[in-house]
Amino acid sequence: MTVGVLIEHDGKHMKTSSRHVITAASECQKPIIALVIGYQLDSIAAEVALCDGLDAVWVLDHPDYEYASAERVALWVASLALTHVLASANAFGKNLIPRIAALLNVSPIDGVLSILADKHYVRAMYAGHILCDVISDDLIQCVTITPTAFKSCASLKQAVSIESHASVDLPLLSKRVSMHQADSESPELATAACVMTIGRGVPPELIPRIKRLAKRYKAALGATRAVVDAGLLPNECQVGQTGQVVAPDLYIAWGVSGAVQHLAGMKHSKQIVSINKNPDAPMNAFADFVLEADVVSVLSAWEARFASLEEKCVSQELEYEL
Amino acid sequence: MIICVPIKRVIDYRVSAHIRPDADAIVTAGVKHSINPFDEIALERALQERDSGLVKKVIVVAVGDADTNEILRSALAMGADEAHRIHASKTPSPFLTAQLLKLWLEKNPCDCIITGKQAIDDDANQLGQLLAGFLGWSQAMFASKVSFKKEAAVEVTREIDGGLETIVCQMPAVISADLRLAEPRLASLPAIMLAKGKPITVTDASELELSLTEKTRVFNYRTAPIRQGGKRVANLNELMQVLNEAGMEA
């Protein structure tokens with residue numbers, strides 16, 4: 001038995017979502033191996049090696065893998081002697097796991113919410129309305145894990161061993177020509193502790209102000225499909241059935257009506273706050289706390305609190321100086 | 001160039017799904033079904049390419065029983081050139097579907113596959129990747145922009161977690177459509193009428209010499225717990241208290 005966890009990284013650091021997958025792996029079997037693929041990975045591998053629960057880190061570090069294409073990654077991972085291959089249920093993991101499963105001729109399992117026993121999982125379907133059990137008969141398990149359903153693993157002081165692996169030969173089937181990455185200052189949407197989401201009830205001119213507020217609270221910015229479709233925020237902000245699935249400690253919905261497809265992407269948040277003047281908005285029945293008021297007035301009052309707070313600080317400093 | 005668009009018959013997105021009393025399946029009899037919306041987007045994108053002249057033919061294929069013909073007719077009404085059905089008594093998992101399609105494609109070759117990134121029933125998001133793996137083709141999943149190049153390559157902008165990524169894939173390729181790849185056209189009434197008379201080629205799954213045994217068992221369907229919310233706070237001050245208790249600090 002050997003569990004492989006595909007580690008997602010941005011070339012500098014591992015993504016937090018992979019830490020959640022490591023926790024899920026610890027509910028499968030031992031040993032657990034982190035698989036890190038890319039180019040110039042020394043610092044990332046060192047960071048991964050400290051993750052609690054791991055037994056080793058296997059690294060495929062090669063210039064050809066700077067863009068780790070699904071074709072090449074799948075070929076390498078399928079060549080390893082693993083009994084479980086896990087990755088996060090996001091664009092990264094969903095792109096890779098089914099292809100690896102095809103090469104191993106096993107039926108992949110997507111979006112696992114809990115692991116009840118070896119090869120026995122719970123997952124959601126129909127936009128999160130329906131849960132079901134899945135039992136797999138395959139010898140090798142290829143699974144994507146919903147990161148928010150598992151805790152993040154801690155970092156230890158003692159690192160596990162890091163092993164280098166040779167690349168596999170495969171003609172170049174795809175290459176990256178460009179990449180647009182969102183602001184790396186703000187936290188990862190999928191794993192942020194706080195998310196502020198903008199819905200259609202927010203006038204477009206208020207969006208920069210809510211962005212500033214979010215930054216202040218170190219909250220990630222989310223959006224509904226309507227807002228992304230209207231071109232007001234980029235696609236990577238979309239929360240929902242077909243966008244990102246989030247489960248922060250605090251989810252603040254600004255002018256979000258609460259379509260079922262949107263609720264599917266945030267229903268597991270610990271606390272949900274809705275700011276929406278429409279008493280009939282489904283979100284207002286769903287959220288734990290509802291402020292039934294106009295978005296503009298709430299935002300202005302919120303900003304005013306900061307302004308007065310800052311004034312107070314400044315005047316206190318002045319007093320001190322005097 | 002021929003584009004193949006695998007499509008799936010799913011419960012219509014406006015209808016809520018109900019669980020059978022034995023909890024072993026979803027009620028499908030007498031429920032309105034339609035083409036999986038993501039597959040419709042994929043089909044639209046393929047048709048645009050055909051209409052612009054680069055692609056000779058767009059063929060649609062679906063796996064399922066005779067009821068599946070209805071979505072194939074919808075696809076013909078939208079403008080697909082050919083419709084094919086691989087007969088199976090019930091809709092198989094994405095894994096079996098991909099295996100069936102792989103075998104079927106050996107007899108019905110194409111240069112490119114475009115399909116929806118996920119079906120809105122099982123939300124699995126697997127078919128395109130599985131098919132690309134079985135065929136050994138390049139893959140470009142979650143596409144929001146596709147442009148075919150002259151030199152047997154296709155440039156695809158993918159929606160990834162932190163933003164967008166543009167890749168160039170060697171053909172043949174498998175592409176999966178994200179929400180914003182295209183806006184499906186509405187079929188005209190004459191086209192709908194005409195589609196009723198068009199042929200649908202049926203291949204029995206047994207002809208493809210594949211055992212239709214699933215490797216996963218899905219059971220114990222249940223409704224996800226519903227959140228009880230709706231507590232009103234009077235003003236921002238009260239909301240701030242809630243936020244403070246939740247540990248939120250600026």
Q: Check whether Phe142(B) gets within reach of chain A through its side chain, its backbone, both or neither, counting any heavy atom under 4.5 Å.
A: side chain

Q. Just by distance, do the side chain of Gln129(B) and the backbone of Lys94(A) share a donor-acceptor pair under 3.5 Å?
A. yes

**Q.** Interface moiety of Met240(B) toward chain A, non-hydrogen atoms closer than 4.5 Å
**A.** side chain

(Q) Quick one, Ile160(B) and Met179(A) - any side-chain contact, counting heavy atoms below 4.5 Å? (A) yes

Q: Using atom types as modelled and distance alone, determine if a side-chain donor or acceptor of Lys215(B) lies under 3.5 Å from a backbone N or O of Asn105(A).
A: yes

Q. Side chain, backbone, both or neither: which part of Lys102(B) has an atom under 4.5 Å from a heavy atom of chain A?
A. neither

Q. Under 4.5 Å between any side-chain heavy atoms of Phe289(A) and Glu238(B), yes or no?
A. no

Q.
Side chains of Gln118(B) and Asp110(A), heavy atoms from C-beta outward: is any pair under 4.5 Å?
A. no

(Q) Please classify the contact between Leu96(B) and chain A as side chain, backbone, both or neither, with a heavy-atom cut-off of under 4.5 Å. (A) neither

Q.
What part of Ile26(B) gets within 4.5 angstrom of chain A, counting heavy atoms only: side chain, backbone, both, or neither?
A. side chain

Q) Has the side chain of Arg227(B) got a donor or acceptor atom that lies under 3.5 Å from a matching backbone atom of Lys267(A)? A) yes

Q: Please examine the side chains of Gln238(A) and Arg180(B), heavy atoms only from C-beta on, and report whether any two atoms are closer than 4.5 Å.
A: yes

(Q) Looking only at the side chains, is there a donor atom on one of Asn90(A) and Asp161(B) sitting less than 3.5 Å from an acceptor on the other? (A) yes

Q) Do Pro225(B) and Leu131(A) have side-chain heavy atoms sitting under 4.5 Å apart? A) yes

(Q) With a 4.5 Å cut-off on side-chain heavy atoms, are Leu96(A) and Met141(B) touching? (A) no

Q) Are side-chain heavy atoms of Gln139(B) and Arg99(A) found at a separation under 4.5 Å? A) yes

Q: Measure from the side-chain N and O atoms of Gln126(B) to the backbone N and O of Pro108(A), and report whether any donor-acceptor pair falls under 3.5 Å.
A: yes

Q) Do any N or O atoms from the side chain of Arg217(B) and from the backbone of Asp137(A) form a donor-acceptor pair under 3.5 angstrom? A) no

Q. Between Asp133(A) and Arg222(B), is the closest basic N to carboxylate O distance under 4.0 Å?
A. yes

